[in-house]
2 protein chains.
Amino acid sequence: MNNTNLGKKLVIQLDGSSGVPFYRQIIQQIEQAILAKRLLPGDKLPTIRSLAIELKINPNTIAKAYNELEIRGIVVTQVGSGTYVSDQEIDMAENERQEKIEQSVVRFLREMEALGVKRSDIPKLIEAFKEET
Amino acid sequence: MNNTNLGKKLVIQLDGSSGVPFYRQIIQQIEQAILAKRLLPGDKLPTIRSLAIELKINPNTIAKAYNELEIRGIVVTQVGSGTYVSDQEIDMAENERQEKIEQSVVRFLREMEALGVKRSDIPKLIEAFKEET
DNA sequence: AGATTTGTATTATTCATATAGTACAATACT
DNA sequence: AGTATTGTACTATATGAATAATACAAATCT
C-alpha cells in the first residue's frame with residue numbers, strides 16, 4: 001500500500017490487494033476528496049510525474065486517471081501549468097446519491113457481519129474513529 | 001449486476017462496475033458468507049456449471065475462484081460430487097480481524113463523507129437497514 | 001532567450017482476466 | 001452396466017491494465 005501526503009489536502013493510498021485497477025483507485029479517491037470538500041475548486045493536484053514518484057507507479061497510469069477525470073469535467077489540465085480542480089461542481093443526482101449511500105451501507109454491514117461485529121457495537125466503532133479520518 | 005439466490009444461504013452478486021475481477025468477487029462473497037455463518041461446514045456450494053449459468057459468466061471463471069478457495073482450505077471439492085464448505089474454520093488472527101474492521105470502518109466513513117452524510121446521521125442510516133441485509 | 005516543468009501522445013511489452021471450447025476421470029444415480 | 005453429473009485440465013483468443021521509453025509542445029520560471 002502506497003501513501004502520499006500532500007499538504008494534508010489529498011492523501012492517496014493504493015491498495016494492491018483489492019483487485020481494483022490503480023488508475024480507478026486514483027480517480028475514486030480524488031473524486032471523494034472533492035465531494036468531501038477536502039479539495040476545492042481551483043486547487044492544484046499533484047503533477048503526473050510527482051504523483052507517480054510518490055505512489056511508485058508509472059506516470060502513464062496517473063495520466064490515464066487524470067485524463068478520465070478531465071473527460072468527466074471534474075478537473076482541468078493545462079500543459080506546462082498543471083491540473084486543477086474544476087469550478088464545475090460534481091453534480092450527482094439525488095437519487096444516485098441515495099443509491100450510493102445504500103450500496104455503501106449494505107456493503108459495510110456485510111463486512112461487519114462477516115467479521116463477527118454485532119450491530120449494536122457498530123455505533124461505538126464509528127465513534128472511535130471520529131477524529132481519525 | 002448479476003444475482004443468484006440459492007436457498008437464501010448464498011447470494012452472489014457480481015458488480016461489473018467496481019473494477020474488481022469477477023473471480024475475486026466470488027471468492028470474497030463466499031468467504032463472507034462462511035464467516036457470517038450463512039454457510040456452514042459441510043454445506044454444498046453450487047456447482048461450477050450451475051453458478052456459471054446463474055451469474056452468466058464462464059465456468060472457468062467459477063472454477064478459478066473455487067480452486068483458490070480450495071487451495072486456502074476454505075472449501076473441499078470432489079470430482080463427480082461437488083464442492084463443500086470445509087470443516088476447518090477460517091482462522092483469522094485477532095489482530096488481522098481488528099485491522100480489517102478498522103480498514104472497513106475508515107473506508108465506509110470516507111464514503112459517507114464524500115456523499116455528504118453527517119456523522120450524526122450514520123447510526124440512523126444503519127438502523128434503517130436492520131432487517132434488509 | 002533559454003531552461004525547466006508540465007501534460008500529451010505514441011509504440012512496445014508483459015501480465016492478468018475472461019471467454020470459448022474440448023476432453024478426461026471420479027462420483028453418483030438409475 | 002450405463003448414464004449423468006461433477007471437477008480438472010488444457011489450448012487458444014481477446015481485452016484491459018500497467019509498465020517502459022521516448023519525443024513533442026505549451027506554460028512557467030530564471
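Bear in mind that the values here come from a model prediction, so they are computed numbers and not experimental data.
- Whole-Å rounding puts the A:L55 CG to D:dT19 P distance at 10 Å.
- The side chain of B:T47 contributes no N or O atom lying less than 4.0 Å from OP1 or OP2 of D:dT5.
- We find that CG of B:N58 is positioned 9 Å from P of C:dG21, with the value rounded to whole Å.
- Distances shorter than 4.0 Å separate none of the side-chain N or O atoms of A:Q78 from OP1 or OP2 on C:dG7.
- Salt bridge present: B:R38 and A:E113 bring a charged side-chain N and a carboxylate O closer than 4.0 Å.
- Nearest to the side chain of B:T61, among C:dA23, D:dT28, C:dA18, sits C:dA18.
- Between B:S18 and B:Q25 the shortest heavy-atom distance is OG-NE2, 3.5 Å.
- Atom CZ in B:F22 sits about 16 Å away from atom C1' in C:dA20, given to the nearest Å.
- In this entry the distance linking NZ of B:K64 with C1' of D:dC10 reads 14 Å, nearest Å.
- B:Y66 comes within 4.0 angstrom of no nucleic acid atom, judged by non-hydrogen atoms across all strands.
- Along DNA chain D, the nucleotide nearest to B:N60 and the one nearest to A:R49 differ in position, and the one closer to the 5' end is contacted by B:N60.
- For D:dG7, the OP1/OP2 oxygens have a side-chain nitrogen or oxygen of B:T83 closer than 4.0 Å.
- Contact check on A:E31 versus A:R72 returns a salt bridge, with a Lys/Arg side-chain nitrogen under 4.0 Å from an Asp/Glu carboxylate oxygen.
- In this structure, CD in A:Q32 is found 8.0 Å from CZ in B:R110, a value given to the nearest 0.5 Å.
- You'll find that the side chain of A:V79 is closest to C:dT6, out of C:dA28, D:dT8, C:dT6.
- Residue B:I53 contributes atom CD1, which lies 13 Å from atom C1' of D:dT6 at whole-angstrom precision.
- A salt bridge links A:E94 with A:R97: the distance from a Lys NZ or Arg NE/NH1/NH2 to an Asp or Glu carboxylate oxygen falls below 4.0 Å.
- Atoms CD (A:Q25) and P (D:dA17) sit 13 Å apart, rounded to a whole Å.
- When rounded to the nearest whole Å, the span between CD1 of A:I57 and C1' of D:dA20 equals 14 Å.
- Per the geometry, CD belonging to B:E70 stands 9 Å off C1' belonging to D:dG7, to the nearest Å.
- Side-chain atoms of A:P21 lie closest to D:dA17 of the nucleotides D:dT6, D:dA17, D:dT19.
- Side-chain N/O atoms of B:Y23 include one lying less than 4.0 angstrom from OP1 or OP2 on C:dT17.
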